[in-house]
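One-based numbering along the sequence shown.
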Amino acid sequence: MTGWLTRYPTILTKEDRAGLKEVLARCPELDTAAGHVRDFGEILTDRLGPSLPARIDAVDVSRIPGLTSFALHLLRDLDAATPGLTLDWSSSSIESAVNHIKKITRQLYGRAGFELLRKMILLQEHSEPAEDLRQNRD
């Protein structure tokens with residue numbers, strides 16, 4: 001059910017769409033929840049951050065427990081959520097670097113101090129991947 005609700009409708013197979021339609025017809029609350037989930041998905045994919053307060057109000061009116069608490073938490077952080085759902089900026093490269101450092105730290109856990117961690121990070125940042133080396137030889 002979650003997969004049906006969170007995927008793009010065009011990605012669903014004909015059988016999945018028929019199954020989803022049947023389930024939503026039997027449960028009006030779930031149909032309402034599905035509409036809100038689609039609305040939030042639209043905000044995420046189309047970067048419609050300014051429409052977030054209106055969508056939060058609509059979810060609050062519907063009184064669906066899980067979605068209402070989610071929406072109210074978004075409302076608390078509205079000043080941060082709106083630009084995050086509007087602007088094209090991304091922190092994915094920073095997150096990637098942080099995850100890389102955490103991986104190295106876990107590998108060294110209990111064996112070395114900060115200096116060795118620093119050297120390993122700097123060495124890995126400047127080393128070329130094996131694939132690049134092969135291309136340079138040719």
Side-chain angles (χ1 to χ4, degrees):
M1 213 41 239
T2 302
W4 285 352
L5 293 175
T6 56
R7 287 189 196 119
Y8 283 109
T10 56
I11 293 175
L12 295 175
T13 64
K14 195 178 232 182
E15 295 82 21
D16 287 344
R17 280 192 298 260
L20 177 60
K21 187 176 181 179
E22 183 181 332
V23 170
L24 295 179
R26 291 182 184 186
C27 182
E29 294 85 10
L30 188 58
D31 190 27
T32 303
H36 292 309
V37 169
R38 279 191 298 271
D39 289 345
F40 279 115
E42 190 177 300
I43 290 172
L44 287 170
T45 56
D46 297 338
R47 298 199 179 276
L48 301 174
S51 68
L52 190 59
R55 305 285 172 104
I56 290 172
D57 291 341
V59 169
D60 191 32
V61 168
S62 70
R63 297 286 180 212
I64 298 173
L67 288 177
T68 302
S69 62
F70 169 73
L72 293 177
H73 280 86
L74 272 177
L75 189 59
R76 284 188 207 156
D77 292 330
L78 191 61
D79 292 338
T82 301
L85 295 170
T86 305
L87 303 173
D88 288 331
W89 297 348
S90 172
S91 63
S92 62
S93 61
I94 302 299
E95 291 294 328
S96 175
V98 168
N99 285 333
H100 182 70
I101 291 169
K102 286 180 179 180
K103 181 183 98 176
I104 294 170
T105 304
R106 282 191 296 272
Q107 290 172 344
L108 295 176
Y109 184 73
R111 291 187 232 150
F114 177 75
E115 284 304 314
L116 182 58
L117 173 64
R118 182 177 179 275
K119 285 180 185 178
M120 286 189 72
I121 291 169
L122 292 174
L123 286 173
Q124 287 188 0
E125 290 296 320
H126 295 291
S127 66
E128 289 184 286
E131 194 172 298
D132 290 341
L133 291 174
R134 276 188 240 117
Q135 289 176 356
N136 291 338
R137 271 193 308 201
D138 297 336

| query | Which atoms form the tightest heavy-atom contact between Ala81 and Leu74, and what is the distance? | reply | CB-CD2, 4.1 Å
| field | Pairs meeting criterion salt bridge (Lys or Arg N to Asp or Glu O under 4.0 Å) with involvement of residues 59-84, two or more places apart | value | Asp60-Arg63
| Shortest non-hydrogen contact between Thr86 and Gly49, atoms and distance | OG1-CA, 3.2 Å
| message | Using the side-chain contact (heavy atoms from CB on, under 4.5 Å) criterion, which residues pair with Ser93? Sequence neighbours excluded. | response | none
| field | Residues that Arg118 engages under salt bridge (charged side-chain N to carboxylate O under 4.0 Å, His left out), provided they are two or more places apart | value | none
| message | Restricting to side-chain contact (heavy atoms from CB on, under 4.5 Å), what partner residues turn up for Leu85, sequence neighbours left out? | response | Ile43, Leu44, Leu52
| message | Looking at every non-hydrogen atom in both residues, tell me the closest pair between Pro83 and Leu78 and how far apart they are. | response | CD-O, 4.2 Å
| task | Quick one: which residue pairs count as a ring pair (Phe, Tyr, Trp, His ring centres under 6.0 Å) with a foot in residues 58-83, not counting sequence neighbours? | result | Phe40-Phe70
| remark: Interatomic distance, CG@Leu72 vs CG@Leu67, rounded to 0.5 Å, equals 10.5 Å
| task | Can you run down the salt bridge (Lys or Arg N to Asp or Glu O under 4.0 Å) pairs that involve residues 8-25, sequence neighbours left out, and say none if there aren't any? | result | Glu22-Arg26
| field | Arg106: partners by side-chain contact (heavy atoms from CB on, under 4.5 Å), with sequence neighbours left out | value | Lys102, Lys103
| Qualifying side chain to side chain donor-acceptor pair (under 3.5 Å) pairs, either residue in residues 29-42, two or more places apart | His36-Ser62
| side-chain contact (heavy atoms from CB on, under 4.5 Å) partners for Asp57, two or more places apart | none
| message | Can you list, by chain and residue number, the hydrophobic cluster partners of Tyr8 when the side-chain cut-off is 4.5 Å? | response | Ile11
| query | For Met1, what are the other residues in its hydrophobic cluster, where any two members join if their side-chain heavy atoms are less than 4.5 angstrom apart? | reply | Trp4, Leu5, Leu12, Leu20, Val23, Leu24, Leu30
| Can you list the other members of the hydrophobic cluster that holds Ile94, where links are side-chain heavy atoms under 4.5 angstrom apart? | Val98
